[in-house]
Protein chains: 2
Amino acid sequence: MSEKKCNYFECPITRTADVIGGKWTLPIIFALIYETKRFKELERSIEGINTRMLVKELKQLEDNGLVIRKVFAEVPPRVEYSLTDKGKALKNVLVEMREWGNKYLFDTIL
Amino acid sequence: MSEKKCNYFECPITRTADVIGGKWTLPIIFALIYETKRFKELERSIEGINTRMLVKELKQLEDNGLVIRKVFAEVPPRVEYSLTDKGKALKNVLVEMREWGNKYLFDTIL
DNA sequence: CAGAATCCTGCCGGATACTG
DNA sequence: CAGTATCCGGCAGGATTCTG
């Protein structure tokens with residue numbers, strides 16, 4: 001961690017924050033970190049999200065190269081979502097966030 | 001990283017995201033990670049921020065226990081901001097975010 | 001099942017001016 | 001210097017309905 005001025009758009013930290021800053025971005029990535037999932041599966045596994053938001057953020061994640069969308073020519077339709085390597089590489093970030101959250105957000109009694 | 005349902009408010013990851021999700025939160029933490037700074041110093045070291053936002057996010061950070069505000073009874077007034085241990089502990093998260101950002105957001109040519 | 005199309009609202013974040 | 005006090009527009013994000 002060098003002492004460099006963080007002017008937002010040249011800073012890798014804030015740029016990363018922008019990529020994963022959507023309200024449901026992290027839950028989606030988390031849900032896909034170990035397994036491919038279909039749209040409805042995703043929707044069910046993420047409590048509180050609604051269709052529109054899921055579609056929107058998935059598209060954004062796809063545009064950012066974090067998620068792969070695979071369409072099957074079947075009836076009923078089937079679409080599977082999975083993480084790219086770029087997406088999977090976020091795992092370290094998630095791990096650190098979880099670590100910090102558990103330590104400082106839930107163990108306040110200790 | 002266990003396979004647990006992430007229902008937002010019980011999930012340490014998304015809770016952490018909420019704490020550091022303000023637009024200028026990370027730049028502020030970054031600016032304070034190695035040194036205490038006065039208000040104006042902070043404002044100058046973070047490109048693009050304005051007074052109102054800096055005040056607002058600093059207050060939020062203080063409420064969340066990430067930042068300490070120390071007021072000196074002097075004229076002209078002097079207020080110094082520094083990170084608590086809780087705040088400093090976010091360094092690991094920042095490091096991972098920077099790592100990821102550098103690798104996947106800036107080295108796309110490679 | 002996997003979305004697309006609308007509609008609506010809060011509040012996030014920016015600009016600007018003023019104060020002790 | 002270290003902040004308040006207002007004003008304001010845009011859009012993130014939610015609810016709901018419809019389609020192939």
Side-chain angles (χ1 to χ4, degrees), chain A residues 6-9 11 14-32 35-64 66-82, chain B residues 6-9 11 14-15 17-32 35-64 67-82:
Chain A
C6 202
N7 89 336
Y8 215 98
F9 284 106
C11 174
T14 48
R15 294 289 306 277
T16 299
D18 282 344
V19 172
I20 62 176
K23 179 168 182 185
W24 300 101
T25 313
L26 258 18
I28 292 173
I29 292 173
F30 184 81
L32 293 176
E35 41 172 357
T36 295
K37 277 184 181 154
R38 305 178 55 167
F39 186 85
K40 253 324 183 218
E41 272 185 289
L42 263 177
E43 193 169 5
R44 270 189 294 262
S45 69
I46 301 172
E47 246 188 88
I49 200 171
N50 63 16
T51 309
R52 187 178 152 280
M53 270 302 112
L54 184 53
V55 173
K56 209 179 166 190
E57 303 236 323
L58 277 172
K59 196 160 292 171
Q60 221 176 89
L61 287 169
E62 203 191 348
D63 291 343
N64 286 330
L66 304 194
V67 157
I68 294 175
R69 195 180 104 110
K70 191 171 180 184
V71 185
F72 295 82
E74 302 177 1
V75 177
R78 182 219 283 214
V79 181
E80 287 186 352
Y81 292 89
S82 55
Chain B
C6 202
N7 88 339
Y8 215 96
F9 284 106
C11 175
T14 48
R15 294 289 306 277
D18 282 345
V19 172
I20 62 176
K23 179 167 184 188
W24 299 101
T25 312
L26 257 20
I28 291 172
I29 292 172
F30 185 81
L32 292 177
E35 40 172 357
T36 295
K37 278 182 179 154
R38 306 178 56 168
F39 185 85
K40 248 334 180 216
E41 273 185 288
L42 264 176
E43 193 169 5
R44 269 189 295 261
S45 68
I46 301 172
E47 247 189 87
I49 202 172
N50 61 19
T51 309
R52 186 179 151 278
M53 272 301 111
L54 183 53
V55 173
K56 209 178 165 188
E57 304 237 324
L58 277 173
K59 196 160 292 174
Q60 221 176 92
L61 287 170
E62 202 192 348
D63 291 343
N64 286 330
V67 158
I68 294 175
R69 194 179 104 109
K70 191 171 183 185
V71 185
F72 295 81
E74 303 179 0
V75 178
R78 181 221 282 216
V79 180
E80 287 185 351
Y81 292 90
S82 56

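Every heavy atom of this structure was used, including side-chain atoms; hydrogens, water molecules and symmetry mates were not. Convention: sequence-line order gives letters A, B, ...; per-chain numbering from 1.
Side chain Arg52(B) to base dG13(C): a donor-acceptor pair is found below 3.5 Å.
Between the CD atom of Glu43(B) and the P atom of dT16(C) there is a distance of 14 Å, given to the nearest Å. Asp18(B) places its CG atom 14 Å from the C1' atom of dC12(C), with the value rounded to the nearest Å. Rounded to whole angstrom, the span from the CD atom of Glu57(A) across to the P atom of dG13(D) amounts to 6 Å. Atom-to-atom, CD of Glu47(A) to P of dG14(D) comes out at 14 Å; the value is rounded to the nearest Å. Here the C1' atom of nucleotide dC12(C) and the CD1 atom of Ile49(B) are 13 Å apart, to the nearest Å. Atom NZ in Lys37(A) sits roughly 17 Å away from atom C1' in dC1(C) (whole-Å rounding). Distance, Met53(A) CE to dA15(D) P: 10 Å, rounded to whole Å. One can place NZ of Lys56(A) at 14 Å from C1' of dA4(C), the figure rounded to the nearest angstrom.
Taking all atoms of both residues into account, the shortest heavy-atom contact from Lys37(A) to Ala31(A) is NZ-O, 3.1 Å. Smallest separation of non-hydrogen atoms from Leu26(B) and Ala17(A): CD2-CB, 3.8 Å. Residues Leu32(A) and Tyr81(A) come closest through the heavy atom pair CD2-O, 3.5 Å.
Along DNA chain C, the nucleotide nearest Gln60(B) and the nucleotide nearest Gly48(B) are compared for position; the residue whose nucleotide lies closer to the 5' end is Gln60(B). In terms of position along DNA chain C, the nucleotide closest to Val71(A) lies nearer the 5' end than the nucleotide closest to the other residue of the pair Val71(A) and Asn50(B).
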Taking N or O atoms only and anything under 3.5 Å, show me the protein contacts with nucleotides 1-3 of chain D, one pair per line.
residue, atom, partner, partner atom, Å
dC1(D), O3', Arg38(B), NH2, 3.1
dC1(D), O3', Pro77(B), O, 3.2
dA2(D), OP1, Arg38(B), NE, 2.9
dA2(D), OP1, Arg38(B), NH2, 3.1
dA2(D), OP1, Val79(B), N, 3.3
dA2(D), OP2, Lys40(B), N, 2.8
dG3(D), OP1, Arg69(B), NH1, 2.2
dG3(D), OP2, Tyr81(B), OH, 2.7

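Side-chain N/O atoms of Thr36(B) and Glu80(B) include no donor and acceptor closer than 3.5 Å.
For the OP1/OP2 pair of dC12(C) and a distance below 4.0 Å, the side-chain nitrogens and oxygens of Trp24(B) include no atom meeting the criterion. For dG14(C), one of the phosphate oxygens OP1 or OP2 lies less than 4.0 angstrom from a side-chain nitrogen or oxygen of Lys23(B).
Between atom CD1 of residue Ile29(A) and atom CH2 of residue Trp24(A) there is a gap of 14.0 Å, rounded to the nearest 0.5 Å. Note that OG1 of Thr25(B) and CD of Glu57(B) are 4.0 Å apart. Values are rounded to the nearest 0.5 Å.
Salt bridge annotation for Lys40(A)-Glu43(A): present, with a cationic side-chain nitrogen under 4.0 angstrom from a carboxylate oxygen.
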